[in-house]
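Input: a single structure, listed below in structure tokens.
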Amino acid sequence: MSPPALLLSIITALSLLGRVWNNSVCNNDCCRFVEGFPVRLRELRQHFSHIRDYYVTNDDLDTALLDQNVLNYFNSPYGCHAMNSLLDFYLRTVLPGALAAVTEENKHFKHRVESIQQIFDELKRDVIKCRNYFSCQRPFDIKDFNSTYTEMESKGLYKAMGELDLFFNYIETYLASKRQTQ
């Protein structure tokens with residue numbers, strides 16, 4: 001390749017990179033929240049990886065909480081309401097239950113569950129703050145989800161905690177769909 005052709009190739013490549021960088025610059029807090037979520041997601045997955053086996057091993061129920069129906073809501077215009085309702089459910093029911101169930105044998109779980117709880121709390125605040133950014137259309141009805149959890153009685157905690165990685169995936173898919181792709 002001749003020097004002028006090489007120079008032209010480099011300038012073209014830099015120009016394209018410049019457009020990509022300019023398009024990924026966010027000009028509001030909600031965009032920055034969505035674009036920065038992969039860092040939080042890594043933290044969630046890291047904390048969960050230390051406690052996952054315990055909850056999955058103790059989950060002997062065949063019924064799923066986070067089923068295809070819930071995923072469909074996440075992939076619909078109601079996704080932000082589904083995420084907000086499930087975050088609220090985990091923050092009010094599942095994670096406090098997991099903390100209350102900490103024993104001497106698994107006391108090292110406490111920090112991990114508290115960390116997940118803190119990230120979920122921050123995520124819920126951001127989702128509420130950014131509901132206009134997400135163009136939410138109507139609330140997600142969590143009654144069926146809550147009813148299934150209640151029917152599972154004490155095993156519901158293991159099911160809900162064991163499915164956290166699925167919940168992370170749903171959140172990731174929803175927020176990735178909201179990333180700027182201009």
Side-chain angles (χ1 to χ4, degrees), residues 29-30 32-71 73-74 79-131 134 136 139-179:
D29 289 341
C30 295
R32 284 188 285 280
F33 154 63
V34 171
E35 295 296 323
F37 185 72
V39 173
R40 283 184 178 169
L41 185 61
R42 268 192 303 279
E43 284 181 64
L44 283 169
R45 287 188 169 135
Q46 180 183 19
H47 289 297
F48 184 61
S49 71
H50 294 280
I51 61 176
R52 183 182 191 282
D53 289 344
Y54 171 78
Y55 290 103
V56 170
T57 300
N58 285 293
D59 171 17
D60 56 5
L61 300 174
D62 292 331
T63 306
L65 282 171
L66 295 169
D67 59 11
Q68 186 64 41
N69 190 38
V70 175
L71 179 59
Y73 265 99
F74 268 81
C80 66
H81 286 294
M83 183 168 48
N84 187 47
S85 294
L86 286 171
L87 284 168
D88 189 60
F89 179 78
Y90 270 88
L91 285 166
R92 290 180 186 251
T93 305
V94 177
L95 295 171
L99 286 171
V102 169
T103 64
E104 191 60 35
E105 297 167 3
N106 62 5
K107 66 182 176 187
H108 58 284
F109 287 5
K110 184 177 181 188
H111 168 71
R112 301 297 180 175
V113 174
E114 287 173 337
S115 295
I116 291 169
Q117 189 173 34
Q118 179 183 357
I119 294 170
F120 273 13
D121 192 46
E122 292 166 1
L123 180 57
K124 183 167 174 32
R125 275 193 304 262
D126 286 336
V127 168
I128 290 169
K129 181 176 77 177
C130 296
R131 64 181 165 259
F134 296 129
C136 295
F140 166 74
D141 187 2
I142 196 163
K143 284 186 241 168
D144 289 338
F145 185 89
N146 198 5
S147 175
T148 302
Y149 178 83
T150 302
E151 288 172 11
M152 293 177 174
E153 297 175 348
S154 63
K155 294 292 185 175
L157 173 68
Y158 297 109
K159 175 62 73 180
M161 288 298 291
E163 291 183 356
L164 263 176
D165 55 344
L166 215 70
F167 187 35
F168 300 159
N169 291 342
Y170 290 4
I171 293 169
E172 178 183 31
T173 300
Y174 177 74
L175 291 177
S177 76
K178 299 303 176 186
R179 293 186 81 180

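Scope of the values below: all heavy atoms of this structure, side chains included, with no hydrogens, waters or symmetry mates.
Annotation for F48 and G162: closest pair CZ-O, 4.0 Å, computed over non-hydrogen atoms.
In terms of the side-chain contact (heavy atoms from CB on, under 4.5 Å) criterion, residue partners of C30 (sequence neighbours excluded) are, by chain and number, N28, C130, Y133. S115 is linked by a side-chain contact (heavy atoms from CB on, under 4.5 Å) to H47, H111, counting only residues two or more places apart in sequence or in another chain. With sequence neighbours excluded, the residues satisfying salt bridge (charged side-chain N to carboxylate O under 4.0 Å, His left out) with D121 are R125. Partners of F167 under the ring pair (Phe, Tyr, Trp, His ring centres under 6.0 Å) rule, at least two apart in sequence or in another chain, are Y90, F120. Taking the side-chain contact (heavy atoms from CB on, under 4.5 Å) definition, one finds that E153 meets it with nothing, sequence neighbours left out.
Side-chain atoms of T57 do not come within 3.5 Å of backbone N or O of Y54 as any donor-acceptor pair. With N84 contributing its side chain and C80 its backbone, the two residues share no donor-acceptor pair below 3.5 Å.
Y170 and Y73 have their aromatic ring centers separated by at least 6.0 angstrom.
Under 3.5 Å, the side chains of T103 and N106 contain a donor-acceptor pair of N or O atoms.
In this structure, Y158 and Y55 have tilted ring planes: the angle between them lies in the 30° to 60° band.
Atom CZ of R32 sits in a crowded spot, with more than 12 heavy atoms from other residues, nucleotides or ligands closer than 6.0 Å.
You'll find the side chain of F37 reaches within 4.5 Å of the side chain of I171, heavy atoms only.
Within the structure, salt bridge (Lys or Arg N to Asp or Glu O under 4.0 Å) pairs that include any residue of residues 155-167 comprise R52-D165, D59-K159, D60-K155 (at least two apart or interchain).
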